[in-house]
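Just so it is clear, the model here is predicted, and its values are computed rather than measured. Every chain is numbered from 1, with letters handed out A, B, ... down the list of sequences.
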Amino acid sequence: MMATVRNPARDAVAFVGVGTTPYLRDAGGKSATALACDAARTAIEDAGVDLADIDGICGSSVPTVSVQAALGLPAVTWWSNSSLPFSLLVIEAMNAVFSGACTTVLVYHSSLRGAGGSKTAAADPFRVHNASDAHGHNAAMTAESPSGTYGYCAWAQRYLDTYGVGRDALGLVAINGRANAARNPHALFREPLSMEQYLGARMIREPLCVLDMDPPVDAGDAFVLTTAERARDLGHRPVLLHAATSGRTDRPFADQLEDYTISGKEIVAWRLWEKSDVALSDVDVFFPYDGFSIMALSWVEAVGYCQPGEAGPFLAKHWSAGENRVLIDGRVPINTHGGSLSEGATQGAGHFREAVTQLRGDAGERQVPGAATALVTPGGFLWNATGFVLRGG
Amino acid sequence: MSALPDDAALFERFPGVGLDHDNKGLYRGFLERELRLNRCGACGHWQHPSLPMCPRCWSTDVVATPVSGRGEIYLLTVMHQGPPTPGVDYHSGYAVGSVELIEQRGLRYTSAIRSDGIRPAIGMPVELEWIERSGAPFPVFAARP
């Protein structure tokens, strides 16, 4: 039995404000709350709304009470702290606006680099004791914990074995990101990357090396969403949430997933295209999540560009030698901001910022000509897959 | 199945583990060097991680039951860095895998893979072994190529 697919929220809610902080290895004593507030302030200013207009607030680990109080949002009627990836917050906020729980909502995510990432990070007591950090190694994690990073590395090894694919398939994701990041001043890593450099990079958890894993950063991102009607009265070209979904199977544990091809990403792809009036061929720019490079390959396959195991050859076939990056059918770039592998690890927030920026036509030298439809697929195949079709309004 | 130690003592033996009524049988098993996964008393279906209801028949008669510990490597990674763990040295590579147990298709348990100088690989048969960690037995797998 298939559940009935409905999409009454189609094109009803829009992104109207975007804000961020610099993406840094060390923000120099700023708390996660400070980073959230910095990003929120720029998003609200960008949207051009009054503080009194913001009646909803939705954040990741920094409590909404802290951000509401720091910003001085006088009257909020809906709030939520939600789990990552960032896309789950976007879905919550969209639903809240669509339902009327609130009309204009601030959505934010910020993170501090965890103590487990490096020796300098481990020497910083504010990182060691950062209660709100969900990405560092918490004390209960051991080498054998089948959660977090383990699943992506272990499934990557099985992927390579199953399909007879080499690590160079993963490397194409990293190299594509670097080529795009060269045109993104916000990105942490902007130097070009060669396949030789990729294949020679330090191994972290086989088969994934340091260039297959997005670099932790101190950063915040924020967005303002409101109704499509209200969006038309604000300053920017609205970016509409045309279709949005999440997807998960009944075996949502990294080591118990039934099979690589029976996962949340297949549920997302099926549901997203059922909900959407547009097709894959209408997509102008694609944002497959790349927190681990394997995830981007799996999204290329799941959304329908090619069959399971074929993403590496697909990317190679659609590689622009001149630009040293992917241009699907000579037209559709992937992760124009560099992805989180090059821009920095913000659990999908960066992918949304770039998608909105592209659909507004504000991406400067990165601008995809005439970009009207973006496909954004945050999260991974284990337990937190999500997918979005965004359209310029 | 032994009821010892009592619940308070179990927490003392496994500090840092999120013990609850659903997984206490697994950790009691550790102390007796038996890998006990939850099995439905009504229909025999195994499941892991430890949950209180059988997803096949909805029985709540779920009992921590010993498995053979035999199976083959389904997922594998060799770690060159990772969370600090007693007795674990990442410098020469530390293999961790998810073993598909012979008891049931898709029933997997994840732990270290020891292979005595042989490179472990997906599909390789393994057997359960016990090591000591932080004063308690800890289950790992040994490759039997």
Using non-hydrogen atoms and a 4.5 Å limit, figure out which bit of [X] sits close to chain B: side chain, backbone, both or neither.
X: D259(A); answer: both
X: D161(A); answer: side chain
X: A156(A); answer: neither

Which answer fits T77(B), side chain, backbone, both or neither, if we ask what part of it has an atom under 4.5 Å from a heavy atom of chain A?
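Both parts, backbone and side chain.
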Side chain, backbone, both or neither: which part of F138(B) has an atom under 4.5 Å from a heavy atom of chain A?
side chain
Verify the neighbour count for atom [atom1] of [X]: are there more than 12 heavy atoms of other residues, nucleotides or ligands below 6.0 Å?
X: D89(B); atom1: CG; answer: yes
X: R144(B); atom1: CZ; answer: yes
X: R70(B); atom1: CZ; answer: no

Checking heavy-atom separations under 4.5 Å from chain A, one finds in residues 48-59 of chain B H48(B), P49(B), L51(B)
Six-ring centre of F11(B), K24(B) cation under 6.0 angstrom, axis tolerance 45°:
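Negative - K24(B) is either too far from the ring of F11(B) or too far off its axis.
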Cation-pi geometry met for R158(A) and Y74(B) (6.0 Å, 45°)
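Yes; both conditions hold, so R158(A) lies above the ring face of Y74(B).
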With respect to chain A, which residue among V96(B), V140(B), V78(B), T85(B) yields the maximal number of heavy-atom pairs within a distance under 4.5 Å?
V78(B)
Give the intermediate values and the outcome of side-chain hydrogen bond (donor to acceptor under 3.5 Å, both in side chains) for residues S98(B) and T110(B).
CA-CA 4 Å; S98(B) 301; T110(B) 299; 2.7 Å; yes
Evaluation steps, salt bridge (Lys or Arg N to Asp or Glu O under 4.0 Å), between R108(B) and E72(B)
CA-CA 9 Å; R108(B) 302 181 198 124; E72(B) 63 178 44; over 6 Å; no
For the residue pair H109(A) and F86(A), categorise the inter-ring angle as parallel (less than 30°), tilted (30 to 60°) or perpendicular (more than 60°).
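It falls in the tilted class, 30° to 60°.
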Take Y163(A) and Q307(A) through the test side-chain hydrogen bond (donor to acceptor under 3.5 Å, both in side chains) and record every step on the way to the result.
CA-CA 11 Å; Y163(A) 299 110; Q307(A) 293 298 307; over 6 Å; no
